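In what follows, every chain begins at residue 1, and chains take the letters A, B, ... in the order their sequences are listed. Small disclaimer: the values here were computed from a predicted structure and weren't measured.
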Protein chains: 2
Amino acid sequence: MLSTMTNATSTTGDTAGGTARRAPETVQRLIDAAADAFADKGFHATTTRDIAARAGLSPAGVYVHFASKEDLLFQLSHQGHTAALELVQAARERAASPRDQVAAIVSDFARWHAEHFRTARIVQYEFPHLSPEHRDQVRAQRKQIDAVVRQVLAAGVRAGDFEVPDVPGTTLALLSMCIDVARWYEPGTRRTPEAIGTAYGELAQRLVRP
Amino acid sequence: MLSTMTNATSTTGDTAGGTARRAPETVQRLIDAAADAFADKGFHATTTRDIAARAGLSPAGVYVHFASKEDLLFQLSHQGHTAALELVQAARERAASPRDQVAAIVSDFARWHAEHFRTARIVQYEFPHLSPEHRDQVRAQRKQIDAVVRQVLAAGVRAGDFEVPDVPGTTLALLSMCIDVARWYEPGTRRTPEAIGTAYGELAQRLVRP
DNA sequence: GTCTATACCTTGATAGAC
DNA sequence: GTCTATCAAGGTATAGAC
């Protein structure tokens, strides 16, 4: 799937069959360090020295595992989108009716953007700083997330459970609502991530009811 | 109101009574140049050299009018938030009933985030890069926008036109929906800014109906 | 109020020993 | 696979002439 990955990072691709055996531990530590740094200061304001230090490596140590700072951002974005997609798919499978599916998906998606708001901010807002090739890959992941919601809305309309004049537009609006949580949420916000999720799930149901 | 403005930029404050007479033309040209540059590359990736060049000045010319690059970001953010607030207030005054007011506000706010998506992105997503003092000032402007929507929702509930279990939460969700337009919109998107506005206004009405 | 020139610093990334 | 040392480039901001 990630056939255009750089050599420097192809060792991360052990999700396929577990053939890779070369210590991916440092790689993940670097990704986590980058996530912290990018979340604190933004992609461009973060130095590779800072990332290396947070991971307990020398500045040069980064380049053994990643081709560039941008490559680090890509791996991080890719992991984040994968997590989000799996979350949304799991929510759909967990619920039976379109009504419950919409609530489950929106609830979990919003909650994820609150709980992981640091990662989510990078994933959503540093996207323009990816290279064109990496942007394309992430865009493909985003389309998959969008497709899940759109299909559920369409199913609900077909079943007569929903009244949605504009399915693609409403899909986008629902996802927007959740994604924007990452922008405004911070620890100590009035509501917990769980409460935000529940509230947004109910808002979604109100929006699509006939 | 902007009493804590830096000296370097206080000449911009001629909105009060028109007492300032010192060519604010170059100042605005610099702000516009910064807007273009920040939108293209982000705040931190933009160089002061680039801003100066776009405004037709030497690198040093910037510092006659602004104390720092961050100061430029603040002026730009402040102008953007002022425009957005005025837009929202105008929409409320234009409509009579809470139902029409919600539609007008959400429609215009969403449309603004599409039409001015370059400015809006800076305004919304470079916010963390403002200095603490400047962040406070912008936060105050945001609260004013939020208050307008919240009051309209509350009025609609009182009048029995709306059913909104959670007024502050729904206010936030409606604004979120609109703000996120700036993230995904780009010229050539399926729908025009006007169509997006209309669609979002209708979504808002669906969301709050009893 | 704008320029040229530049100080002074940090950046991303590489070379080569171990 | 990690280090120390370092490069070339480019960063913000200032000094001082005009």
Side-chain angles (χ1 to χ4, degrees), chain A residues 6-14 20-38 40-76 122 126 128-131 134, chain B residues 6-14 20-34 37-38 40-76 126 129-131 134:
Chain A
T6 63
N7 288 334
T9 56
S10 59
T11 52
T12 322
D14 53 359
R21 283 279 170 273
R22 278 157 295 166
E25 196 191 277
T26 309
V27 167
Q28 191 58 49
R29 218 173 56 244
L30 274 165
I31 293 181
D32 292 344
D36 282 346
F38 292 160
D40 282 349
K41 322 206 267 182
F43 173 71
H44 265 106
T46 297
T47 66
T48 54
R49 283 168 167 79
D50 185 7
I51 296 168
R54 289 185 198 235
L57 286 181
S58 74
V62 176
Y63 294 90
V64 176
H65 305 282
F66 295 91
S68 65
K69 193 173 83 165
E70 186 274 339
D71 191 24
L72 214 23
L73 173 62
F74 169 63
Q75 298 300 330
L76 176 48
I122 301 162
E126 306 289 12
H129 296 125
L130 290 170
S131 73
H134 288 160
Chain B
T6 63
N7 288 334
T9 57
S10 58
T11 51
T12 322
D14 53 0
R21 285 279 170 271
R22 278 157 296 166
E25 194 191 278
T26 308
V27 166
Q28 191 58 49
R29 217 172 59 242
L30 276 165
I31 292 181
D32 293 344
F38 292 161
D40 282 348
K41 322 209 267 181
F43 174 70
H44 265 106
T46 297
T47 66
T48 53
R49 284 169 163 81
D50 186 7
I51 296 168
R54 289 185 198 235
L57 286 181
S58 73
V62 175
Y63 294 91
V64 176
H65 304 284
F66 296 91
S68 65
K69 194 172 81 165
E70 187 275 337
D71 190 24
L72 215 23
L73 173 62
F74 169 64
Q75 298 300 329
L76 176 48
E126 306 289 11
H129 297 125
L130 289 170
S131 73
H134 287 160

Rounded distance in Å - [atom1] ([X]) to [atom2] ([N]):
X	N	atom1	atom2	value
B:Leu57	C:dT4	CG	C1'	14 Å
B:Asp50	D:dG11	CG	C1'	13 Å
A:Tyr63	D:dA5	OH	C1'	16 Å
B:Lys69	D:dT14	NZ	C1'	17 Å
A:Leu72	C:dG12	CG	C1'	13 Å
B:His44	C:dT11	NE2	P	10 Å
A:Phe43	C:dT11	CZ	C1'	12 Å
A:Arg49	C:dT14	CZ	P	13 Å

Checklist entry - If only atom types and distance count, is the side chain of A:Asp71 paired as donor or acceptor with the main-chain N or O of A:Ala67 below 3.5 Å? => result yes
Checklist entry - Parallel, tilted or perpendicular: which fits the ring planes of B:Phe43 and B:His129, with parallel below 30° and perpendicular above 60°? => result parallel
Checklist entry - Which of parallel (below 30°), tilted (30 to 60°) and perpendicular (above 60°) describes B:Phe74 and B:His134? => result parallel
Checklist entry - Atom CG in B:Leu30, atom CD in B:Gln28: separation rounded to 0.5 Å? => result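 Nearest 0.5 Å value for the CG-CD distance: 9.5 Å.
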